[in-house]
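These notes are about the structure you will find just below.
In each ligand, atom 1 is the first atom listed, and ligand 1 is the first ligand listed.
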Amino acid sequence: MKKGILYETSRKTSYIFQQPQHGLWQTRMRKISNHGSLRVAKVAYPLGLCVGLFIYVAYIKWHRATATQAFFSITRAAPGARWGQQAHRPLGTAADGHEVFYGIMFDAGSTGTRVHVFQFARPPRETPMLTHETFKALKPGLSAYADDVEKSAQGIQELLDVAKQDIPFDFWKATPLVLKATAGLRLLPGEKAQKLLQKVKEVFKASPFLVGDDCVSIMNGTDEGVSAWITINFLTGSLKTPGGSSVGMLDLGGGSTQIAFLPRVEGTLQASPPGYLTALRMFNRTYKLYSYSYLGLGLMSARLAILGGVEGQPAASLHELCAARVSEVLQNRVHRTEEVKHVEFYAFSYYYDLAAGVGLIDAEKGGSLVVGDFEIAAKYGGSHLEPEGTCLIPSVSDPGDTASEQPLRMHGPHLRQPATPGVRLSQEQSAEAHSEN
Ligand SMILES: O=c1[nH]cnc2c1ncn2[C@@H]1O[C@H](COP(=O)(O)OP(=O)(O)O)[C@@H](O)[C@H]1O
Ligand SMILES: [Ca+2]
């Protein structure tokens, strides 16, 4: 049995948590087999996925050189705003000569909106490191306000207030602010989604922070999967070794689910349907990733599609009935690629919550399992499972309403990255990224 990896950092993030289940940062992982084992990890939340998004958007999509620019690239330049100058002006310099600056990122998921306030420090003539993060989450997600757009402003404002408290006044004007929405908004009719985005933009523009014209947008599914894949491989150190092995990534959100891995078998590449492969150049290497986001197959959206019925009411009495409906709904929707059986995956979000909820993994430490364990738990029950065959249907916008959706969760705000404190990208990587500009 291979020893697990423990991520931990001293950054103080816990005090701001409103929902304890969003604060789980500590994951210990065990390897249990060579074949397709699944490590269920919450390690990448809340820091990780957003950092992965930074790296993806900044280093790969727009080939920027520093983490500062990474953030500025995400927000993109507002007309007239001199982003480059702002990024390099030494607004704050700590006693050790490190330049300090901030960035604010909103993750508008289908079940909740979360703010991440990042603090970066840049040692003289070096690339910046992520030194601190503050996080707060609110439920329900933005899409719950589709028919009452005005009401969405209140939560956004509340999260902005967190940023105001966290960031020193002098930095406000130069701190970029950005929101990326995922499945909840993708699933809404375009017009409703646009109205919500417009409202958020108004609130952002009225804030004292630095906002560009496209500070608020819907992220596409491929970007969502790829950035999470980068995150987990960055955090596990897989990206450091050229040609070394990598892990796969599964994220089961409320409204969509993503898979991403690096195929090694030529046949996998050839058999993949159009739209499932994406090439990305990163850190001197080209990766051809298998990455796909299934919209509508997030836990909440799929449950409603599968079972219908009234929210919060028991909908089916037998496992077989549920299983039959699930196969019907999934038929011809999910591509089966043989190689995944032999790839080790890290899985996020509801994969974690469900596994913890039925006692398959430790709610605090995470753990490893094989996919079949989920089926056994569904059939025979886990330690905290609902009576056999009972399927409760929570609402998409507020899954926390039913007892079955509130497994025991822990918050241990500790994340230790393998070799370096904070997120650090080497000069070499920066130079490489820069040269592609
Ligand atoms: O920042 C986070 N911290 C902790 N958990 C998160 C965070 N973001 C998403 N999750 C987890 O993701 C799941 C819900 O996904 P989300 O609302 O992001 O849906 P989506 O990705 O389909 O839009 C829940 O299990 C929730 O605990
Ligand atoms: Ca998500």
Atom indices of ligand 1, in the order listed, that fall short of 4.0 Å to a heavy atom of S256: 22 (O)
F135 and ligand 1 - part of the residue with a heavy-atom distance under 4.0 Å: side chain
D223 side-chain N/O to M219 backbone N/O, donor-acceptor pair under 3.5 Å: no
Atom indices of ligand 1 within 4.0 angstrom of G253 heavy atoms, with elements: 15 (O), 19 (O), 20 (P), 21 (O), 22 (O)
With sequence neighbours excluded, residues passing side-chain hydrogen bond (donor to acceptor under 3.5 Å, both in side chains) with Q331: none
Ring center gap for W172 and Y102 short of 6.0 angstrom: no
Atoms of ligand 1, numbered as shown, that sit under 4.0 Å from any heavy atom of D353: 24 (C), 25 (O), 27 (O)
Atoms of ligand 1, numbered as shown, that sit under 4.0 Å from any heavy atom of G254: 14 (C), 15 (O), 16 (P), 19 (O), 20 (P), 22 (O)
A183: numbered ligand 1 atoms lying under 4.0 Å from its heavy atoms: 22 (O), 23 (O)
Centroid-centroid distance, F204 to F209, less than 6.0 Å: no
For Q194, side-chain hydrogen bond (donor to acceptor under 3.5 Å, both in side chains) partners two or more places apart: none
Numbered atoms of ligand 1 (with element) below 4.0 Å of T182, judged on heavy atoms: 20 (P), 21 (O), 23 (O)
Option with minimal heavy-atom separation from atom 22 (O) of ligand 1, where the choices are P140, A228, G141, G255: G255
Distance-only polar pair, side chains of S256 and Q258, donor-acceptor under 3.5 Å: yes
Ring center gap for H335 and Y292 short of 6.0 angstrom: no
G109 neighbourhood, listing ligand 1 atoms whose heavy-atom distance to it stays under 4.0 Å: 17 (O), 18 (O), 23 (O)
Any E224 heavy atom less than 4.0 Å from ligand 1: yes
Side-chain H-bond candidate by donor/acceptor type, T268 with E339, under 3.5 Å: yes
Per-residue contact class, D107 against ligand 1 - non-hydrogen pairs under 4.0 Å: side chain
